[in-house]
Amino acid sequence: MSDQPHADPRATAANGRAAAQAAAVEKALAALDLDTKAALLSGQDMWTLPAVPAIGLRSMVLSDGPVGVRGQEWSARDHSVVLPSPTALAATWDPALARRAGHLLAQEARRKGVHVLLAPTVNLHRSPLGGRHFECYSEDPLLTGAIGSGYVRGVQEGGVGTTVKHFVGNDAETDRLTVDNRIAPRPLHELYLAPFAHLVENARPWGVMTAYNQVNGSTMTEHHHLVNDVLRGEWGFDGCNVSDWTAARHTVRALRGGLDIAMPGPRTVFGAPLAAAVRAGEVAEAEVDAAVRRVLLLAARTGCLAGVPAAVGPEDVPQGIDGPETAREIARRSFVLVRNEPVGVARRALPIDAAAVRKVAVIGAAARDARVLGGGSATVFPERVVSPLAGLCAALPDDVEVTFAAGADPRTRVPQARDGFTLRVRYLTADGQLLVEEPRSDGGVMVMGSFPEGVTQETLGAVELTGSFTPEATGSHTLAVSGTGALRLTVDGAVLFDDRCAPEGGDPFEAFMHPVERRVRVPLTAGERVAVTLRFVPAGLGLGSDIDALNFALGHRPPRGDAADGIEEAVRAAAAADVAVVVVATTEEVESEGFDRTHLRLPGRQDELVTRVAAANPHTVVVVNSGSPVELPWRAAVPAVLLSWFPGQEAGVALADVLLGAHEPGGRLPTTWPARLEDAPVTRVTPEDGALAYSEGLFIGYRAWQRSGKEPAYAFGHGLGYTDWEYEALEATAESVRVRLRNTGRRAGREVVQIYLAPLDSGIQEGFERPDRWLAGFATVEAGPGESIETEIPLPQRAFEIRHPEGRWVRVPGVYRVEAAHSVEDPRLAVEITVGGE
Ligand code: BGC
């Protein structure tokens, strides 16, 4: 794997910088009084830390992460290059590509004045119901650690900090603010902590974000043992520990628990309450100093402390990276072709031979409105999105006719008003005076951080979204309003809605992001313009009264026939075409932050759509646009299934690259894809009496599937390219594995060689279970047709160890089968090795 640190010609310079930074930190610290020090440990607002000009300290800006850099504004006005979802990045199995993603993100961060990226997310896919799995990498700790290391190295080589999150155990969203995850020492260390440990060792992150949840009885922002003893003590982490947003709850316990920065501000448990705690003798000033040192070091590393060189000199920062091109490459390298059967007696369904088709039917609402990223704090705003429909139209020859049918729209919320609307937002005082007016490109108004200049919490009384709408179609239009507070909608002077809307659900972030939606219908005539105004008086400002935040929206859906008509239309389009490409997707209501999933079915009538289309056209290719697994009950009835994840802004171009064969799909599954939720060995995400027992111990993901004997739809590591590979030779020692393989197909290709260790004669004490096999290494290789290629893959010694309950790693002697495999279920060659104990 290429995420190991190697001797860098710049290492000496870096050491010199580190020494200069340490000296500068001490000097700066000595110049600070207690109040300033305490203030430095607290956000000054949603995304920034305070500046201290007297010591040359600039304000550090922190921003989400992980698929782009949002910046300080939560709006489409501040756009970002949007890369594919973390599950997609993991599906490339390529830490070097993750590192290049990091270089691009650092470039984006610098463009936006961001110093620290709130990413990557390295929690594990424990249950497929985890709502935020699109934002994590994998069910396997080694793959997660390797991809995360590539990412962190890339971002930090660009001079921008990372906060690896959420330390630790935030593997699901239900009751995430309070849940106590009960995790025994072995799974805690061998699974959940392992990616963080890998990252600290291999990529030296400058930051970590502690999670909302508790682990074994202590909330993570106060977890002295895991933060001070393990992360800092055992692993040697020397960076800054930032709380998840609003997760810090107690001044003294948080400081003693190793927390350095409480976010967001201005009112947190640090700052003034911390200075008061020192004065009251509850904590020593020296304890505050230790945290301040780490904050100053972060400032020095990110170039925010004057008079000391940043960790990366300006001459060494990667520059000139093409954002769209990087997004496109990662997307096509991440697409996982899980099935590709011949159509009739002819060639396989993919790639589509553009020269042999006259007509292509592109089907599915997501083919036109691709879902390019997951929801919640991971949201960023692309400057442009290339939909699958646009991508295919552009890539197919001019004489190929492309037809489109939405079929069945899975979205349950009404989309934000856009087509036909001309809107502006007006911030008003309580007595109606205009403070600020801004144009809007759509019906969503979201502030998370700071109001536009000229608006303050004291002066703001109401917000109006106002303008006109010229319908394209005559009929009954649906208008939707959402927001927590009083909403009043008027169309041409007539009041259509006037009521207060209260938040629903327990997670404040989720209630803020997805306020309750109410709908009205109004008959309108094509071409006849109407005046529209939605007035909003927020009930509080969403995320705590200190933070400037508000969120409300106007939605619109044009008149439409019923879904059955849509499906009929899609079936007709498919029947009349040579090839049907159906894009099915999850929605923001399925995969986002603050809640888990309740099932794995595709929303709406998309299963029925695929089944009907496949019956109408044998050459049906299904593209699954989701960030994590969904059930595909029709998968045996279609010849090709391609998983595209949330593919980022270049979705359609990358998809055309792969569907039409300019590139092969390069991805392999980073997580097991169940056929049915009820087959999945671990599903529970709902705590009982406040606690969630990780009672499955070490057995999550493929470790659990193999033990359960159940067949998933597609195994961990599975994925097809457009060529075939023969594994020719395998040699192994306890240190490394050498594999030779040959591309036996007719075109160049890339294979992900996976190495699994299976303990045979375990040599292990009774009571220490181990899985059947586990991933111990991997490498990607490329070869032309007929060529053979050899690769050497190091085996980390940790792969032979277990975490003893007494808190040390123990090497387990015995005989191991070393497998060189195409997936965990598809070993191609195996040899046995014997390893000794300690
Ligand atoms: C999320 C974090 C995120 C933070 C800031 C929290 O709700 O859990 O991942 O970085 O918000 O947006």
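Below, all heavy atoms of this structure are taken into account, side chains as well, without hydrogens, waters or symmetry copies. Ligands are counted one by one from 1 in listed order, and the atoms in each one are counted from 1 as well.
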Q. Is the closest N or O pair between Glu135 and ligand 1 shorter than 3.5 Å?
A. no
List ligand 1 atoms under 4.0 Å from [X], heavy atoms only on the residue side.
X	answer
Trp47	5 (C), 12 (O)
Lys165	2 (C), 3 (C), 9 (O), 10 (O)
Ser377	1 (C), 2 (C), 3 (C), 9 (O), 11 (O), 12 (O)
Met209	10 (O)

(request) Would you kindly check if the NZ (Lys) or CZ (Arg) of Arg232 is within the cone defined by 45 degrees around the ring axis of Trp235 and under 6.0 Å from the six-membered ring centre? (result)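 The answer is no, since Arg232 fails at least one limit relative to Trp235.
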Checklist entry - Does Tyr151 have Arg99 sitting over its ring (NZ/CZ under 6.0 Å from centre, angle to axis within 45°)? => result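 No, cation not above the ring by the 6.0 Å, 45° rule.
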the protein heavy atom lying closest to atom 11 (O) of ligand 1 turns out to be Asp244 OD1, 3.6 Å
re atom 7 (O) of ligand 1, the protein heavy-atom contact at minimum distance is Glu593 OE2, 2.7 Å
Check for me whether the distance between the ring centres of Tyr192 and Tyr694 falls short of 6.0 Å. yes
Closest by any non-hydrogen atom to atom 10 (O) of ligand 1: pick that one out of Thr379, Asp64, Asn123, Thr246.
->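 Checking each option, the heavy atom nearest atom 10 (O) of ligand 1 is found in Asp64.
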Heavy-atom pairs closer than 4.0 Å: do any link ligand 1 to the side chain of Met513, the backbone, both, or neither?
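Neither part.
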Counting heavy atoms under 4.0 Å, the part of Arg176 that contacts ligand 1 is side chain
Ser377 and Arg132: side-chain donor and acceptor closer than 3.5 Å? yes
Worksheet item: With a 3.5 Å cut-off and no angle check, do the side chains of Gln214 and Ser218 form a donor-acceptor pair?
Response: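 No, Ser218 and Gln214 have no side-chain donor paired with an acceptor closer than 3.5 Å.
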- Query: Is a donor on one side and an acceptor on the other found under 3.5 Å between the side chain of Asn213 and the backbone of Asp180?
  - Reply: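 No, the answer is negative, given that no donor and acceptor are paired below the 3.5 Å cut-off.
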- Might you work through the side chain to side chain donor-acceptor pair (under 3.5 Å) test for Arg70 and Thr379, ending with a clear yes or no? CA-CA 7 Å; Arg70 193 172 52 243; Thr379 305; 5.7 Å; no
